[in-house]
Q: 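First the structure, then my questions, so here it is.
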Amino acid sequence: DVAAGQPVSLRGGMVAAPASGDVVFRWEQIGGPNVALNAADTLSASFTAPTVHEMTILQFVLTATADGREASDAVVVSIMPAEPEVPPDGDGADPDLLDSTDAVQGAIDSGAATVVIPYTGQPYIVGPLKLRSNLRLVLEPGVVLEAKRGAFQGTTDCLLSGTDVRDVTIVGYGATLRMQKWDYDSGDYERSEGRHGLSLAGAANVEVLGLRVELTGGDGIYIGPTRDRKHAPCTSILIQDCTCADNYRQGLSIVSGVDVLVEHCLFSGTVGTPPQAGVDIEPSDP
């Protein structure tokens, strides 16, 4: 764990040198907002932690090559904001009563090819949101789409969902989808494992980049079929540089998908209801 703006050193080591030949070292970043790596071809690379508005994960891999053989290992660096974010002065209203659902959904439904959700210094409190086709949705660093307390009473209410959508890109480096996991586990809600952070059903050509999904009432990310008679699977899905943390059922569930690629992602802290997997591949159709 390091603070934003702090110098960071990545140091590797060897138990024993190879019998002959030189060793080639290579540090690579595989997750999180890009940083400039210094001395990436040595055992000790370095960089300066970027400015972030909330805890942000960076992932790196060190690879050593010698005598035609290769070995690698990874490290995760958590960047903490240098100072706590102070919300702008307001009228003292409870933030859970400030409902941004209509504003955010209206932007998504506007028909614009690219929709940018700007960082304002405080979370957007929202109910369930729906994606549409032909959309590039950009969440600026620091943006939090936070599930409104008391909402999401439906057993399949998801924070962000796309059913039968096409050609969608979600860019969320430094941004978060956050739900109210332990609220849903109380007696105030009908019990469910289906309150996912991001749910894709029968979607095609979807990319999700750099997003953090946490504290859901189901899976961080769910990839499944449409619920109609066609049971159409998701196709051509890319999940890259994402983090799914502290979710209720799984970090990621792949239930019905064709050509699904998940890379450079982190799944951690799944706890709530079985199977509590990081990644669960559970086909629902032949």
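Along the sequence shown, the residues carry numbers beginning at 1. Quick caveat: nothing in here was measured; it's all calculated off a predicted structure.
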Q: Quick one, V75 and W27 - any side-chain contact, counting heavy atoms below 4.5 Å?
A: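 Heavy-atom side-chain distance check passes, below 4.5 Å.
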
Q: Tell me if a side-chain donor or acceptor on T101 pairs with a main-chain N or O of G127 at a distance below 3.5 Å.
A: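 It does hold such a pair.
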
Q: Do you reckon L215 sits in the same ILVMFWY cluster as V126, going by side-chain contacts under 4.5 Å, direct or chained?
A: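 The answer is no; the residues belong to distinct hydrophobic clusters.
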
Q: Does the side chain of Y124 come within less than 4.5 Å of L139's, by heavy atoms?
A: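 L139 does not reach Y124 side chain to side chain.
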
Q: Heavy atoms only: give me the nearest D157-Q153 pair and the separation to one decimal.
A: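 Scanning both residues completely, I find the closest heavy atoms to be OD2-N, 3.4 Å.
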
Q: Looking at residues at least two apart in the chain, or sitting in another chain, which of them share a ring-ring contact (aromatic ring centres under 6.0 Å, His included) with F152?
A: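 In terms of ring-ring contact (aromatic ring centres under 6.0 Å, His included), with neighbours along the sequence ignored, F152 is linked to no residue.
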
Q: Compare all side-chain heavy atoms of N247 with those of D219 and state whether any distance is below 4.5 angstrom.
A: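 Counting from C-beta outward, N247 and D219 never come under 4.5 Å.
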
Q: Applying ring-ring contact (aromatic ring centres under 6.0 Å, His included), can you list everything that pairs with Y248, at least two apart in sequence or on another chain?
A: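 For Y248 there are no ring-ring contact (aromatic ring centres under 6.0 Å, His included) partners, ignoring immediate neighbours.
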
Q: May I ask you to decide if R178's main-chain N or O and T176's side chain share a donor-acceptor pair within less than 3.5 Å?
A: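 No, because the side chain of T176 does not come within donor-acceptor range (under 3.5 Å) of the backbone of R178.
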
Q: Looking at side-chain heavy atoms only, is the closest gap between L211 and I221 below 4.5 Å?
A: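 L211 does not reach I221 side chain to side chain.
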
Q: In terms of side-chain heavy atoms, does D109 have a donor or acceptor partner in Q105 at a distance below 3.5 Å?
A: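 Yes, a side-chain donor-acceptor pair sits under 3.5 Å.
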
Q: Which residues satisfy the ring-ring contact (aromatic ring centres under 6.0 Å, His included) test with F47, sequence neighbours excluded?
A: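 Testing F47 for ring-ring contact (aromatic ring centres under 6.0 Å, His included), a comparison that skips the adjacent residues, returns F60.
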
Q: CD1/I79 to OG1/T48 distance, rounded to the nearest 0.5 angstrom?
A: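 Reported value, rounded in 0.5 Å steps: 10.0 Å.
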
Q: For the side chain of S72 and the backbone of T63, is there at least one donor-acceptor N/O pair under 3.5 Å apart?
A: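 Pair absent, no side-chain N/O of S72 close to backbone of T63.
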
Q: Among the clusters formed by ILVMFWY side chains lying less than 4.5 Å apart, do L135 and V116 turn up in the same one?
A: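 Result: no, two separate clusters.
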
Q: In Å, rounded to the nearest 0.5 Å, how long is the span from NZ of K148 to OG of S100?
A: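 Reported to 0.5 Å precision, the distance equals 9.5 Å.
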
Q: Treating Ile, Leu, Val, Met, Phe, Trp and Tyr as nodes and any side-chain heavy-atom pair under 4.5 angstrom as an edge, say whether L131 and V208 lie in one connected cluster.
A: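 L131 clusters together with V208.
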
Q: Under a 4.5 Å side-chain heavy-atom rule over Ile, Leu, Val, Met, Phe, Trp and Tyr, are L43 and L37 clustered together?
A: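 Yes.
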
Q: What I'd like to find out is whether the side chain of V143 reaches to under 4.5 Å of the side chain of P118, using heavy atoms alone.
A: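 No; the side chains remain at least 4.5 Å from each other.
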
Q: Examine distances only and state if a side-chain atom of Q29 and a backbone atom of V35 form a donor-acceptor pair shorter than 3.5 Å.
A: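 Yes, Q29 side chain to V35 backbone: donor-acceptor pair under 3.5 Å.
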
Q: Given 3.5 Å as the limit, does a donor-acceptor pair link the side chain of R132 with the main chain of V168, or not?
A: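 No; zero donor-acceptor contacts below 3.5 Å.
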
Q: Report yes or no: does R191 contribute a side-chain atom to a donor-acceptor pair with the main-chain N or O of T155 at less than 3.5 Å?
A: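 No; judged by distance alone, with no hydrogens or angles, the pair does not exist.
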
Q: Scan side-chain atoms only and decide if D259 and S236 contain a donor-acceptor pair under the 3.5 Å cut-off.
A: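 No pair is found: no donor N or O on one side chain lies under 3.5 Å from an acceptor on the other.
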
Q: Would you kindly confirm whether L177 and V138 end up in one hydrophobic cluster when ILVMFWY residues are joined by side chain heavy atoms under 4.5 Å apart?
A: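 Looking at the clustering, V138 is in a separate group from L177.
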
Q: So which pairs with a foot in residues 196-226 pass ring pair (Phe, Tyr, Trp, His ring centres under 6.0 Å), sequence neighbours left out?
A: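 Every pair satisfying ring pair (Phe, Tyr, Trp, His ring centres under 6.0 Å) with a residue in residues 196-226: H196-Y222.
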
Q: Would you mind listing every side chain to side chain donor-acceptor pair (under 3.5 Å) that reaches into residues 197-209, with sequence neighbours excluded?
A: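 Side chain to side chain donor-acceptor pair (under 3.5 Å) check on residues 197-209 returns D167-N205.
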
Q: Counting only N and O atoms by type, is there a donor-acceptor contact under 3.5 Å from the side chain of S192 to the main-chain atoms of G194?
A: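 Yes, the answer is positive, given that a donor and an acceptor are paired below the 3.5 Å cut-off.
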
Q: Can you give me the closest heavy-atom contact between G202 and T226, atom names plus distance?
A: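 What the structure gives for the nearest pair is CA-CG2, 3.7 Å.
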
Q: Tell me, do C234 and V206 make a side-chain contact under 4.5 Å, heavy atoms counted?
A: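 They are not in contact (no side-chain heavy atoms under 4.5 Å apart), so the answer is no.
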
Q: Grab the two heavy atoms, one from A245 and one from R212, that are nearest each other, plus how far apart they are.
A: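 Looking at all heavy atoms of both residues, the closest pair is CB-NH2, 3.5 Å.
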
Q: Checking D67 side chain against R69 main chain: does a donor-acceptor pair fall under 3.5 Å?
A: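 No, D67 side chain to R69 backbone: no donor-acceptor pair under 3.5 Å.
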
Q: Is any side-chain heavy atom of L137 closer than 4.5 Å to a side-chain heavy atom of I117?
A: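 Yes, their side chains come closer than 4.5 Å.
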
Q: Hey, what do you get for CG (L10) to OG (S46), rounding to the nearest 0.5 Å?
A: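 Going from CG on L10 over to OG on S46, the span is 8.0 Å.
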
Q: Where do Q59 and I57 come nearest, in terms of heavy atoms and distance?
A: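 The pair with the smallest heavy-atom distance is CG-CG2, 4.0 Å.
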
Q: Is any side-chain heavy atom of S284 closer than 4.5 Å to one of P225?
A: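 They are in contact (side-chain heavy atoms under 4.5 Å apart), so the answer is yes.
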
Q: Rounded to the nearest 0.5 Å, what's the gap from CZ on F25 to CG on L62? Could you check?
A: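 Here the interatomic distance stands at 7.0 Å.
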
Q: Would you indicate whether I281, at its atom CD1, is surrounded by more than 12 heavy atoms from other residues, nucleotides or ligands within a distance under 6.0 Å?
A: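 No, not enclosed.
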
Q: Donor-acceptor pair, Q180 side chain versus R149 backbone, under 3.5 Å?
A: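 It does not hold such a pair.
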
Q: For L198 and T216, run side-chain contact (heavy atoms from CB on, under 4.5 Å): C-alpha distance rounded to whole Å, both residues' side-chain angles, the deciding distance at 0.1 Å, then the answer.
A: CA-CA 9 Å; L198 172 62; T216 68; over 6 Å; no

Q: If you look at every heavy atom in G197 and L159, which pair is closest and at what distance?
A: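 Smallest heavy-atom distance, with atoms named: O-CB, 3.4 Å.
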
Q: So which heavy atom on Y184 is nearest to which on A147, and how close?
A: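 For Y184 and A147, the tightest heavy-atom pair comes out as OH-CB, 3.5 Å.
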
Q: Does T270 use its side chain to pair, donor to acceptor, with the backbone of Q250 at less than 3.5 Å?
A: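 A pair under 3.5 Å: no.
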
Q: Nearest 0.5 angstrom please: R249 CZ to K181 NZ, how far?
A: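 R249 CZ to K181 NZ: 13.5 Å, rounded to 0.5 Å.
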
Q: Which residues satisfy the side chain to side chain donor-acceptor pair (under 3.5 Å) test with D102, sequence neighbours excluded?
A: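 D102: no side chain to side chain donor-acceptor pair (under 3.5 Å) contacts found.
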
Q: As a quick check of understanding, evaluate side-chain contact (heavy atoms from CB on, under 4.5 Å) for L238 and L209, giving each step before the final call.
A: CA-CA 8 Å; L238 172 64; L209 310 174; 4.2 Å; yes

Q: At what distance, to the nearest 0.5 angstrom, does SG of C265 lie from CD of Q240?
A: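 Nearest 0.5 Å value for the SG-CD distance: 7.5 Å.
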
